[in-house]
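Quick note on labels: first sequence line is chain A, next is B, and so on, each numbered from 1.
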Amino acid sequence: MSIELITFIVMLGTFLLGCFLCKLPIGISMVLASVAGALIGGQGVPVVHLVEGMFAYVDTILVIATAMIFMRVIQESGTLDAICATIVERFHKVPALMLIMIMVIIMFPGMITGSSTAAVLSAGSIMAPVLMMMGVPILETAVILSLGGMLGMIAPPTNLPAMIMCGGVDIPYSGFTLPLILLTFPLAFAFVLVLGLKHVKKMNYAEVRAKLNTEVRKKYGFKIYIPLILVVVLMVLNTAVPAIPDMGMPLVFLICSGVGCFTGRKFNILKVSKNAIQSVLPVMGILMGVGMFIQVMTLTGVRGLIVTSCLSLPSWARYIALSTSIPLFGSVSAFGSASVLGVPFVLSFLAKNEIIVVSALSLIASLGDMMPPTAMAGIFAAQVVGMKDYKQIMKKCLLPCLIILVWGVIFILAANFLEPFIVFH
Amino acid sequence: MKEFFKKPIFPIITASVSLVLAIGIMVAAGVSFVKCWDVPMPIEGPNVTEVKMLSEWYDGLKDGPGDTPVYVLKGEGDGGAMLILGGTHGNEPSGYMSAVTFIETAIIENGTVYVIPYTNISSMTHNDPGEGNLQYFTLQTKSGERIFRFGSRATNPIHQWPDPDVYTHHPSGQQLSGSETRNINRAYPGREDGTLTEQIAFGIAELIRTEDVGITFDLHEASPEYPVINATVAHQDAMTIASEGCINLLLSGIDMALEQSPTNFHGLTHRELGDYTDTMAILMETANASQGRLRGGTSEEQVLGGVDDYYLYSESIGMLFVPWDENHHPIEERCGRHLQGIYEYTMAYNNAYPDKIVTYSGVPSYQELFLDADKEDLGGTQLGKFLR
């Protein structure tokens, strides 16, 4: 048994021991697993490496923190109530169309930013009350949000896992639009209709209308929508006008949160911000732990062990390997999985059209956002709808995730057949 | 005991201990990171006539984190100008160690050679999170033990942050992942009012334009599983020279592939410096075991000796684009390839442009660095023998 395998087993064992036996927070368990791995791997307690690893997630943590503040601000100010009332009033007569529209809205921030977290916490938090108001149960709502976030981060124009893989094999990120549309939108529309239509069709509009909060809209008028409009404008600004520098998602969320303080109901911004940060602290802790975990895996050669083990399989088994290893490694990070495993898999499929292979692998990598312990899409969807635990969401997402996986693998298998029809430079 | 944990003072104690521990870790790591800002420089060789800063060609870089030393080696005879770019990527040691070796050994007979050992000097001041790289490696040289930095692929985020979600290359409009915005080999031809990385790229292009640099070498390494490896990539205008040089390399026993720079992949030296200046832009790649995703645990032996059993195994499953055996790919072989490549391509350039020749001697050849070395000296010792 190689030292790398022993190290890996020790890291996993320490993590599981910390989580389940000692009931420690996941983030702390990952820190302990990293330290144990480094010790077994002959690296001592590499303080510098542990700290350096955490820095991999600084930007993500800032996005999460500020997105959560934004979400709480639009909740408190009444913007959510207003938008919810408007959508239900306008579109209740065409439920299928409305569900598809809601799905596109949930996906939109992910399409622009490449982040499922941004999608779930911004548009997801706006659409969740609409869905629930129309009769979609809380669990199905959370599942729609999770899937919308995941598919949104893969849908064009911005697909960060694909861009990471392109960077790894030096191909330009162009020609991906149609493959990514075909990989994401059919699934997204099918999922939202299957999960929501039967409930929405039963909606008693008179009852729902009575529950709608239209007071805020009447009191504050158009200005109640300004934070939402502003967030959309600032998100698309750099894409629409590349000459304007990208200000980054954290700043976008902070600016819109600041504006939200003056456009609706009054609230204590400090208290709201404190509560928002408190609610995402465990997730931020997990990400810090994940950063250390990956750093130690690389430092000790465990990453090499995992990647070479996957690639050493015969070609038919390689499909099984990518279907399991990429989502599983995504449990530490979907982006990390795209880089660590996605790039070698792209290189192993060089005989196939690389644009379709990269697109499909990015779809499979997105499943990492539903894998515990990070499970960003699931955790944040649970927070948005007010569920204490995301385990039920995970169970309900199992079948859609399998469908996503199969859809991705079909595209890889048929890459060369599909190429003349869907790849245009 | 249980009662103690229920007391209100317990959370305060745990919080205080955690805070002290966190501060301790922060200080220890911080001191280590700050030390990395001090990048060891080459020792001036017999023919270094001047050490300038890149800001002399673009003053927007002056005294900033992107301002990097340019070693000028001027020959007694007339001739053209040549530029060697080492350290484009701080995690590709044979790139900057070849430039350092050239500075410390070359005697220029005709023309002027500009050598930038650390093209993106900011990338030398930190490491890539998640990669678990070394911070330093050491070599025994003529003057004793010398320490060199192992850096990052990209500009230090404390010098350029935050990354956009998507990096749009200027002027082509090509889109890449946001982190590539700090990769100088995606930033050419650069721009004055751009990011720090774009400004450094602009400074390099300005140097080439101002000094009428006829031929430019950009020295790289790649992971062994990457298709463009043990290869030269040349701008279409440089293909005649590159072809002649490549044939001579093959005749001298160096397996070198030659590719023309793709016209649809932007930001790289071999594309943009060829398009936006009059230089012959040539890029070379060697095989770096410490760079890829298939590699084993981090060690100095891996960085300098190229020793990695996971790559040995990866060769057996057909995942590599470079032959790999028990000899691995030591730093002497990688630097030898670069230095011999510079020599052969320069000779071909001299044949094509006899009025702009650049000739030099003293720089160790592939034969001297690698083929003639005792096996036990490979992995740093042999290279150290040539350094001052």
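Only the side chain of B:Phe321 comes within contact range of chain A, with at least one heavy atom under 4.5 Å from a heavy atom of that chain. Residue B:Gln174 touches chain A through its side chain alone, counting heavy-atom pairs closer than 4.5 Å. A:Ile306 does not touch chain B: none of its heavy atoms, backbone or side chain, sits under 4.5 Å away.
Side chains of A:His49 and B:Gln135 form no contact here, defined as non-hydrogen atoms less than 4.5 Å apart. Under the 4.5 Å side-chain criterion, counting only non-hydrogen atoms from C-beta, B:Tyr313 is in contact with A:Ser312. Contact of the A:Ser2 side chain with the B:Tyr310 side chain is registered, since non-hydrogen atoms from C-beta on lie closer than 4.5 Å.
Rounding to the nearest 0.5 angstrom, the gap separating the CE atom in B:Met319 from the CG atom in A:Leu311 is 4.5 Å. With rounding to the nearest 0.5 angstrom, the CE atom of A:Met165 is 11.0 Å from the OG atom of B:Ser177. Note that OG of B:Ser179 is 9.0 Å distant from CG of A:Leu160, once rounded to the nearest 0.5 Å. Separating the CZ atom in A:Phe55 from the CG atom in B:Asn127 is a distance of 12.5 Å, to the nearest 0.5 Å. Of the inter-residue distances, the one linking B:Glu131 atom CD with A:Gln295 atom CD reads 8.0 Å to the nearest 0.5 angstrom.
Near-neighbour residues of residues 287-308 of chain B relative to chain A, defined by a heavy atom under 4.5 Å from a heavy atom of that chain, comprise B:Gly292, B:Arg293, B:Leu294, B:Arg295, B:Gly296, B:Gly297, B:Thr298. Scanning residues 180-187 of chain B against chain A with a 4.5 Å non-hydrogen threshold yields B:Glu180, B:Arg186, sorted by number.
Listed for the A:Thr298 side chain is a donor-acceptor partner under 3.5 Å among the backbone atoms of B:Gly130.
With chain B as the partner, the residue from A:Asp59, A:Val58, A:Leu341 showing the most heavy-atom pairs under 4.5 Å is A:Asp59. For the set A:Leu251, A:Val48, A:Val47, the count of heavy-atom pairs under 4.5 angstrom toward chain B peaks at A:Val48. Annotation: maximal heavy-atom pairing with chain B below 4.5 Å, among A:Val307, A:Thr7, A:Thr308, occurs at A:Thr308. Of the listed residues (A:Ala56, A:Pro344, A:Ser348, A:Ser339), the greatest number of heavy-atom pairs within a distance under 4.5 Å of chain B belongs to A:Ser339.
Across all non-hydrogen atoms, the minimal contact from A:Val51 to B:Ala29 is CG2-CB, 3.7 Å. Closest approach of A:Glu52 to B:Asp128, counting heavy atoms only: OE2-O, 3.7 Å. A pairwise comparison of heavy atoms in B:Pro227 and A:Leu350 identifies CG-CD1, 4.2 Å as the closest pair.
Residue pairs meeting the salt bridge (Lys or Arg N to Asp or Glu O under 4.0 Å) criterion with at least one partner in residues 18-39 of chain B, sequence neighbours excluded, do not occur; the list is empty.
With sequence neighbours excluded, the residues that form a ring-ring contact (aromatic ring centres under 6.0 Å, His included) with B:Tyr311 are B:Trp324.
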